[in-house]
2 protein chains.
Amino acid sequence: MTSVLAYESAYKSACAPTVSSKANPLAYLARSATTSPPPSGAVAGTNCSDCSLHSICMPAHLSATELARLDAIVCSTRLVRRGETLYRAGDKFKSIYAVRVGCFKTVITHRDGHEQVTGFHIAGEPLGLDGVCSDEQNCDAIALEDSKVCVIPFDLLEDLCHDVKAMQQHLHRMMSGEIVRESGLMMMLGTMTAQQRVAAFLLNLSSRMKTRGYSSAEFNLRMTREEIGSYLGLKLETVSRMFSKLQQAGVIDTNGKQVHILDSEKLAGV
Amino acid sequence: MTSVLAYESAYKSACAPTVSSKANPLAYLARSATTSPPPSGAVAGTNCSDCSLHSICMPAHLSATELARLDAIVCSTRLVRRGETLYRAGDKFKSIYAVRVGCFKTVITHRDGHEQVTGFHIAGEPLGLDGVCSDEQNCDAIALEDSKVCVIPFDLLEDLCHDVKAMQQHLHRMMSGEIVRESGLMMMLGTMTAQQRVAAFLLNLSSRMKTRGYSSAEFNLRMTREEIGSYLGLKLETVSRMFSKLQQAGVIDTNGKQVHILDSEKLAGV
DNA sequence: CGTACTCTTGAGCAATATCAAGGGGAGTGG
DNA sequence: CCACTCCCCTTGATATTGCTCAAGAGTACG
């Protein structure tokens, strides 16, 4: 049996250990994005320097000056309510995003109306990198719960990358990481059984939750069985059956969207 | 039925219209790569400025000075014989590559020895972009026929990107394009039937051949049925059956590795 | 000219999709 | 606060697709 850990290890996203709950809720009021450098001195709660999720937006060690420049670029945040879209396929590509609070799915819609989920993005993860190549977004990004993102105008980011080599390398790593993540998923879709896919999905989510400082054993799914199925190349009934099967085997404990991983070793060995 | 054209259109790789056959075969003798800028005045046949495949390595309009700098970076080519590896998973990541002549497959090998083909790369296409994120290669790149690649040291490329904005944007587009290409493949693996996958594979290859100036209707496959199957998430017998089925339907005409697309409309509508 | 690889085709089987029915929970309006 | 409705989830029965096992023919290369 193919170990699902191969897929697991393919996702090397850097995330912050904890999510700050002290962020000012009024900070939701997005400041308008501008293509000219905004005034420095960002509003408390929306700047990068004290953001708990900074490790996704910036390389490890930046000088105070460089940090201030990043703050100046990431000048707005945006609130997206559950079910609303952050962007749609075909939208002009201007910015990439970092999920600050909440959870998104990205969906490709075919001409025949058929939809496929291409990814789930939780707090601390990048969004929109696929738009760079064609000047327009390739998929819809839809919030699975009330969420907040940082808006990073891509042209300004490229300018910053020009001046700060560490930033340039970080961006390249983020993009390359996205390529590796997807090739891991391809492997999964190409070679794994339904049970292995569901197991790999849960383990992947588990490790991402852990990186954020949450329990890796117990969490709530924000997506439906249908969305999971679309992502994994399975029908919703099959996903449901696999959940039941893993539960009967004593590997996990599920109750609707609540998931408790009882034996991650066994889950990885499915 | 899902149209395979969605996958087709997802691949937006920029390729050159023709392949120069007048390149000096002796140019295969690779000059050693160096991390310090080599002397300018590159050997005829190995520099970028007169390479027919330049559109993959460089943005549309570069000044003579900028072109010279690119020539200076892409200082070596490498010959890889059929069956040999260009790089292996785990190798230290130093360079990206551009296929100049020939054809490669990229393969991920699992710990259990199971292999999966993650992509085929023909002349004019980039190779190795997935290594950026982790400082080491994530897959093996194996030549399917005697091939030649340009070696592009990534640190030098990043330096050039620093100075030439158009180059930076081009690199970002290449990487993002790789992300989009893979999400198209994911869609294929997740939603298409065996017949649709094979049809999409042929159409994709056809369009890439056309972009290179070859016939889009008739070409030789460099890969085996097993490699195609691995790439498409199918068994080799299934691939073979689908070829036969498409032939019976009068959509294609195959004889082993030789393929003739008789009705691309119908192929896309499968 | 032989050997090893590759491709084709058939028969039976296992995994997953499809069709169908019913239960449970969250949000909404009375 | 309760009842209603809509979604979402679960489970069963059946259909279909693609896989496995097997045999034999074609093809490339030393």
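Numbers restart at 1 for each chain; the letters A, B, ... are given by sequence-line order, proteins then strands. As the structure is a prediction and not an experimental result, all values here were calculated from the model.
Each of B:Val239 and A:Met242 lies near DNA chain C, and the nucleotide nearest B:Val239 is the one positioned closer to the 5' end.
Nucleic acid contact class of A:Ser240 (heavy atoms, under 4.0 Å, all strands): base. B:Gly233 comes within 4.0 angstrom of the backbone, heavy atoms only, and of no base.
Side-chain atoms of B:Arg241 and base atoms of D:dT20 include a donor and an acceptor less than 3.5 Å apart.
Distances were taken from every side-chain heavy atom of A:Leu234 (C-beta onward) to each of C:dC7, C:dA17, C:dT8; the shortest belongs to C:dA17. Of the candidates D:dG18, D:dT11, C:dT9, D:dT11 carries the atom nearest the A:Glu237 side chain, counting heavy atoms from C-beta on.
Remark: B:Thr238 is not in phosphate contact with D:dT17, judged by side-chain N or O atoms under 4.0 Å from OP1 or OP2. Contact annotation: B:Lys235 side-chain N/O to D:dT20 OP1/OP2 distance is under 4.0 Å. Contact between the side-chain N/O atoms of A:Lys257 and the OP1/OP2 oxygens of D:dC9 is found at a separation under 4.0 Å.
Spacing between atom CG of B:Asn255 and atom C1' of D:dA28 amounts to 14 Å, rounded to whole angstrom units. If you measure from atom NZ of A:Lys245 to atom P of C:dA14, you get 13 Å, rounded to the nearest angstrom. As rounded to whole Å, 15 Å separates atom P of D:dC8 from atom CZ of A:Arg222. For the pair B:Gln196 CD and D:dG18 C1', the computed distance is 14 Å after rounding to whole Å. Between the CZ atom of B:Arg225 and the C1' atom of C:dC5 there is a distance of 14 Å, rounded to whole Å. D:dC8 atom P lies 16 Å from atom CG of A:Asn220, rounded to whole Å. When the C1' atom of C:dT16 is taken as reference, atom CG of A:Leu236 falls 13 Å away, rounded to whole Å. One can place CE of A:Met192 at 16 Å from P of D:dC19, the figure rounded to the nearest angstrom.
With rounding to the nearest 0.5 angstrom, the CD atom of B:Glu125 is 4.5 Å from the CD1 atom of B:Ile122. Between atom CG of residue B:Leu144 and atom CG of residue B:Leu221 there is a gap of 10.5 Å, rounded to the nearest 0.5 Å.
Using modelled atom types, no side-chain atom of A:Gln258 and backbone atom of A:Asn255 make a donor-acceptor pair closer than 3.5 Å. In this structure, B:Arg197 contributes its side chain and B:Met192 its backbone to a donor-acceptor pair below 3.5 Å.
Within the cation-pi definition used here (under 6.0 Å to the ring centroid, within 45° of the axis), A:Arg225 qualifies as a partner of A:Phe243.
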